[in-house]
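Not measured: the values here are computed from a predicted model. Chain letters run A, B, ... following the sequence lines, proteins first and then strands; every chain starts at 1. Quick note: numbers below take in every heavy atom, side chains included, and nothing from hydrogens, waters or symmetry partners.
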2 protein chains.
Amino acid sequence: MAKLTIRDIAALSGLSKSTVSLVLNNSPKVDPATRRHVLAVMRRHRYVPSFAATALAKGSTRLIGMVVPGLSWHMVASINIGVAAVTERSGFDIILYTATNDRDYGSLIDRILTSSMASGLLVVSHEQPLEPLVQLHEEGLPVVLVNTIDADVALPSVTADNYDGALTAMDHLLQLGHERIACVQGRMTYRCCQDRYRGYLDSLRSAGLQPDPELTKPGDFLPEQIRSRSHELFALPADQRPTAVFAHSDVTAYAVMTAAAEAGLRVPEDVSVIGFDDIESAAQIRPPLTTIQQPFIDMGKRAAEMLLAEIGPTDDSSEADVVEPPAELPRLVMPTSLIVRASCGPVPVTRSPRGRSQTTKA
Amino acid sequence: MAKLTIRDIAALSGLSKSTVSLVLNNSPKVDPATRRHVLAVMRRHRYVPSFAATALAKGSTRLIGMVVPGLSWHMVASINIGVAAVTERSGFDIILYTATNDRDYGSLIDRILTSSMASGLLVVSHEQPLEPLVQLHEEGLPVVLVNTIDADVALPSVTADNYDGALTAMDHLLQLGHERIACVQGRMTYRCCQDRYRGYLDSLRSAGLQPDPELTKPGDFLPEQIRSRSHELFALPADQRPTAVFAHSDVTAYAVMTAAAEAGLRVPEDVSVIGFDDIESAAQIRPPLTTIQQPFIDMGKRAAEMLLAEIGPTDDSSEADVVEPPAELPRLVMPTSLIVRASCGPVPVTRSPRGRSQTTKA
DNA sequence: CTGAAAGCGCTTACAG
DNA sequence: CTGAAAGCGCTTACAG
């Protein structure tokens, strides 16, 4: 009943604690026979070394911290699945810090560092100032940013290629013949949304189209705002009305489609709508949403791999002074993919019986 | 740069480690003046006690384990928000175990217990055998089940009132005049789905209606299956076709609505659809989904509170032998709520020009 | 290849 | 109210 310690295992197998410890740490110095014996004893008694004692003696934990936003996002869950897949294979456990409003970030970060609770930090979709993190990183704590707003900070990061994703989305629309394409933005303080918007603009321009400011609407991921801004879009005179809209997220696209329906417009016959994310329901709604898929699970995996690499071999380089971080910061930008479903169609040839031309070449 | 230890703080404040430790642990025995002094020194040097050393010395960590399924569910994220809100207030951190297929459950559980890594376990939507957990619990590890399949096991738990939620959903439909109500089930190995189905059946019966086996369709949360089973439903002759369907989840409801549209049926004019969960997109799709909301955030909060209560005062009862678990297992069943939106309407008075009667009173 | 000893950074009786 | 000492369960040189 009482928990076994290394001393018990030592006694049970007729050896010293030192030797038992060596087999625990896979030392090659121990005789294969004795190693097998010790292992057998440990297994028989279901011995598991004390987490705390190991951490204290080694000076580091097998824990990586993961800070996530306090939002019920699809994204966080998916990223976590990827992270879990790689950490569990490496014997690391992850300790979860959920950002809530009450939580004081500065002291949280501080605590993680100084209590040496975690040997690395994965920061997911963080909206807080990043300075404390770069400082942490400079002091030697491995940190990698995942899908985080400001990717320009001096920290390793993995993000989706939001700019290219936007290009791809626009390309799809352009190839269907659309020229009056609206953009309903997400939260523009997020780097990812800025990138998507840049993609929207650049894509239009390189197609020789002049972006119409009238066709850009702030949405901020707020359903009500998206709905009313979309109504403005659809209330435009027939020749100014967009024939397609690029929404900065799937849920944004849902709201746009609702507004379209309320305006008596059919999707995709009268107006095409493309989203961004590819959440679970995107394939189930009607019409099934054409969207840009973000590789969240893979992003989680790669981020975890980068972090583990930064943490290093754990055993060897323990005291190798402050390991110099690689000169070039790893910045992984992962490709998105276009998922074609049914919410985008060819541009209506004649929007009204009058069949006005809608092109506005620059 | 080098991390400060309690010994440094002791030196810096001209006291012994013992005294410093006492202030760290809020002992009333230390002089208020010296306590203030020590506190000031610690703050000035941003001292944070070593996590591992504290854990070793105290014999317990301020960590609670949370095991979640490897699925990108809305639910998990929401429950976590609730859990985080209470744990952060109590100074506990949470260590996240994500269930993946590779992971060997038995040994995971074992490791948590024996390494005394966590002082309690929150088990969310677990699909694995629960026996190892009850054994763990009997050996003294606080455990609480959250939204877990089998709530009959001898473990504290918090779940949503799925049975009552189903009753409420059915009531809404019944009051709108529906009598031929179909049920598209979720994964029937889950206790929650069984409860929802029981609610469906009981509700029908107590309304004096004979459940028609023809109107129950397995869906198993599989979009394809849901779609094709729904088509069977909508292909029924007009007088046997359901006028409403109770779906075991929101995403299931989406798929049902798509099938309805494909069958040329309008929602809610021709057929009403009610979901279960209230995910983020439910309000954004068209028509906005009427559904039963599960209080995931609150469930997380209450579960965390229960666990913390079981873990106890942490400091005092450390060695009070095996604390007898309370004779009655706490089993919290939380109420759901009906969110009325637009996917359910009154039963069509005349479904076809012929105006056949559709009642099938038992 | 194995063992005795010191140490990791705290906490906790026990003296004073 | 404060300090010296032992102990928590490991790991890691250092001998042998």
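Nearest nucleotide to the side chain of B:A57, out of D:dC10, C:dC10, C:dG3: C:dC10. Of the candidate nucleotides D:dC10, C:dT12, C:dA5, D:dC10 has the atom nearest to the side chain of A:Y47. Closest approach to the A:K58 side chain among D:dT12, C:dC1, C:dC10 is made by D:dT12 (side chain taken as heavy atoms from C-beta onward).
Rounding to whole angstrom units, CE of residue A:M117 and C1' of C:dG9 are separated by 15 Å. Rounded to an integer number of Å, the gap from A:L22 CG to D:dC14 C1' is 13 Å. Look at CZ on B:F51: it is 15 Å from C1' on C:dC8, rounded to the nearest Å. Here D:dC10 presents its P atom at 6 Å from CD1 of A:I6, a figure rounded to the nearest Å. We find that NE2 of B:H37 is positioned 16 Å from C1' of D:dC1, with the value rounded to whole Å. Going from atom CG of B:L56 over to atom C1' of C:dT12 covers 14 Å, rounded to whole Å. Between B:K29 atom NZ and C:dG16 atom P the separation is 16 Å, expressed in whole Å. Here the C1' atom of nucleotide C:dT12 and the CG atom of B:N25 are 10 Å apart, to the nearest Å.
Panel note: side chain A:T148, backbone A:V123; a donor-acceptor pair is recorded below 3.5 Å. A side-chain donor-acceptor contact under 3.5 Å links A:S78 to the backbone of A:H74.
In this structure the side chain of B:I95 never reaches within 4.5 angstrom of the side chain of B:M66, judged on heavy atoms.
Neither OP1 nor OP2 of D:dT2 sits under 4.0 Å from any side-chain N or O of B:S18. OP1 or OP2 of D:dC10 has not a single side-chain nitrogen or oxygen of A:S50 nearer than 4.0 Å. B:S21 has a side-chain polar atom (N or O) that falls below the 4.0 Å cut-off from OP1 or OP2 of C:dT11. A close approach under 4.0 Å does occur between a side-chain nitrogen or oxygen of A:T34 and OP1 or OP2 of C:dT2.
Across residues 9-16 of chain B, B:L15, B:S16 each have a non-hydrogen atom less than 4.0 Å from an atom of DNA chain D (numbered order).
One side chain, B:S125 or B:N147, offers a donor N or O that lies under 3.5 Å from an acceptor on the other. Residues A:N80 and B:T98 have side chains that bring a donor and an acceptor to within less than 3.5 angstrom of each other. A:S21 and A:S18 form no side-chain donor-acceptor contact under 3.5 Å, judged by distance and modelled atom types alone.
DNA chain C is contacted by both A:K17 and A:P28; A:P28 maps to the nucleotide lying nearer its 5′ end (nearest heavy atom per residue). Comparing B:T19 and A:A53, the nucleotide of DNA chain D nearest to each residue sits closer to the 5' end for B:T19.
Pairing each heavy atom of A:L308 with each of A:S90, the nearest pair is CD2-OG, 3.5 Å. Closest of all the heavy-atom pairs between A:F92 and A:I64 is CD2-CG2, 3.3 Å.
Within 4.0 Å (heavy atoms only), B:T54 reaches sugar-phosphate atoms of the nucleic acid but no base atom.
When both pairing distances are held under 3.5 Å, D:dA4 makes no Watson-Crick or G-U pair with any nucleotide shown. As the counterpart of D:dA13, no nucleotide is assigned, since no Watson-Crick or G-U wobble pattern has both distances under 3.5 Å.
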